[in-house]
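The structure under discussion appears below in the form of structure tokens.
Throughout, a chain's letter reflects where its sequence line sits, starting with A, and its residues are numbered from 1.
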There are 2 protein chains.
Amino acid sequence: MSVVLLIEDDEALGGQVVDQLEAAGFEVVWWRTGRLIDAADYRDIALVILDLMLPGVAGLEILKHLRRDSEVPVLVLSARQDSRDKVLALRLGADDYVTKPFWPEELIERVRARLRRFVMERSSQVRLGGLLIDGAKREVSIEGVCLELTRVEMDLLLALAHRLGDPVSRRWLLTNVLDPEKEATERTLDVHVSRLRKKLGDGSVIETVWGIGYRLRKGAE
Amino acid sequence: MSVVLLIEDDEALGGQVVDQLEAAGFEVVWWRTGRLIDAADYRDIALVILDLMLPGVAGLEILKHLRRDSEVPVLVLSARQDSRDKVLALRLGADDYVTKPFWPEELIERVRARLRRFVMERSSQVRLGGLLIDGAKREVSIEGVCLELTRVEMDLLLALAHRLGDPVSRRWLLTNVLDPEKEATERTLDVHVSRLRKKLGDGSVIETVWGIGYRLRKGAE
DNA sequence: CGAAACCTTAAGGAACCCTGAAGGGGCGGC
DNA sequence: GCCGCCCCTTCAGGGTTCCTTAAGGTTTCG
């Protein structure tokens, strides 16, 4: 669920990027050619890195097709300094844009930033009864009173809010909310959930889905 | 009132920078050659980006001339790693210094940072209980009594006042309030915050946002 | 009822932050 | 130039907040 899809035809550059990404702990799938992506394919994909200069299907076509039925973040690579492509790409829904040449480290950093915030990017506000969750400002208030949440608690809540009403697996939370490098224990997650529940009060908005994970109750109040 | 003047003779680099700036929402005027600027010219200019390596009038001359009768922020570009130019430029009144090659994003960030500060210095006053912060005059008074703040302390407070109520990251403060070239330690920032707090008295207007940075408390009193 | 999954509390330890004191550079006065 | 002052920075110690681990209890399911 935390796979990065790289679409890049240049063998040397692609290999380098894959190495860097894997060294940084990401799972990578590398397509040497551009082709349209089916809905079935990107179920497990957390982020797409797309080179615009591809033989065959044009990069922008892929982007457009992707955006038609998915919210997956897309990071666009391009050799053109020209800003027309960039404006076009961003308008078509790209989340970030990197021009070649770039430092691999820079790319990695951007990928990391995207994935960290993947959860909160698109759903800025969620209201549940007296509970207000603001993903953009990273603020949570209950009956208007601001809550003091730690970073992990905040990410956890945002992850659940993003999939409001649907269960989020413990596995996903472990690798995406907790430090992905640390490979933390399941118990750690328990503790964070516990503390978050306590801070959120009796309303018990966070339900346990036995054997799966957790879910934020949509049916309000 | 938010025009950026770019003085840069290199066609490729200049075009790229203009693209980036415009993509970031700035209005740009691009001069390919260095010439002295009249008072009438920079009435609408919010910031100048000046390449030091110019044919014709030397970059430093322009800078000196500019400073003689204007306060407009100047951001200097230069290919020389050499620090003599840098020292000279900063002493002549440059507000920032970027050595080539640079990432366009970096430049944009610095421009944005400068303009934020510029704008804020004009949007004059912020009042917080007995505390009065005047950005234009760079004066801070508490219950009518003027405080003696050093340059760094003042910039720090103004930066926080500008984002009143929202946290400002340590990272941003480090590169924009402290000398951007010095790559100062985090501890340095601690010290400045500490002293500023002491001067501001018990009211503890400056809150620390753990793992993020600092925030000026908006909730009055 | 037993095993597996989950909850809670408490206690380390790591990351982060505060502050007093000392070091060093720039600038004006002599 | 030499000295002193002010300011910025660094150092060192101790403090706080947060994340994780450990351990024992509770719930769920077959």
Check your understanding: Quick one: do B:D155 and B:R151 make a salt bridge, cutoff under 4.0 Å?
Key -> yes
Revision key, fill the gap. Whichever of A:L149 and B:R151 has the more 5' nearest nucleotide on DNA chain D, that residue is B:R151
Check the distance between [N]'s [atom2] and [X]'s [atom1] and give it to me in whole angstrom.
X: B:D155; N: D:dC8; atom1: CG; atom2: C1'; answer: 13 Å
X: A:R197; N: C:dC6; atom1: CZ; atom2: P; answer: 11 Å
X: B:E153; N: D:dT9; atom1: CD; atom2: P; answer: 11 Å
X: B:I212; N: C:dC17; atom1: CD1; atom2: C1'; answer: 14 Å
X: B:L174; N: D:dC8; atom1: CG; atom2: C1'; answer: 14 Å
X: B:E148; N: D:dC8; atom1: CD; atom2: C1'; answer: 17 Å
X: A:L189; N: D:dC18; atom1: CG; atom2: P; answer: 18 Å
X: A:D190; N: D:dG24; atom1: CG; atom2: P; answer: 17 Å

Has [X] got a side-chain N or O lying under 4.0 Å from the OP1 or OP2 atom of [N]?
X: B:Y214; N: C:dC16; value: no
X: B:R195; N: D:dC8; value: no
X: A:S194; N: C:dT9; value: no
X: B:T150; N: D:dC7; value: no
X: B:K198; N: C:dC18; value: no
X: B:T208; N: C:dC17; value: no

State which residues pass side chain to side chain contact (heavy atoms under 4.5 Å, CB included) with [X]; sequence neighbours excluded, sorted by chain then number.
X: A:D190; answer: A:R170, A:R187, A:Y214
X: A:L216; answer: A:L128, A:I133, A:L157, A:L160, A:A161, A:L164, A:V205, A:I206
X: A:S169; answer: A:R171, A:W172
X: B:T188; answer: B:L178, B:A184, B:T185, B:H192

Review point. Any side-chain heavy atom of A:L149 sitting closer than 4.5 Å to one from A:K199?
Key: yes
Distances under 3.5 Å only, N/O to N/O: pair up the protein atoms with those of nucleotides 11-13 of chain D.
none

Exercise for review: Report the C-alpha distance between A:R197 and A:T208 in whole Å, list the side-chain angles of each, state the deciding distance to 0.1 Å, and finish with yes or no for side chain to side chain donor-acceptor pair (under 3.5 Å).
Suggested key: CA-CA 11 Å; A:R197 276 175 169 153; A:T208 302; 2.8 Å; yes
Check your understanding: Given A:L158 and A:R138, is the side-chain contact (heavy atoms from CB on, under 4.5 Å) satisfied, shown in steps?
Key -> CA-CA 8 Å; A:L158 292 180; A:R138 292 179 72 84; 4.0 Å; yes
Point to revise | Distance, nearest 0.5 Å, that separates CD of B:E153 from OG of B:S194 | key: 10.0 Å
Review point. Hey, which of B:V152, B:V177, B:L156 is the one that makes side-chain contact (heavy atoms from CB on, under 4.5 Å) with B:L189?
Key: B:L156
Each nucleotide N or O in nucleotides 26-29 of chain D that has a protein N or O under 3.5 Å away: list the pair and distance.
none

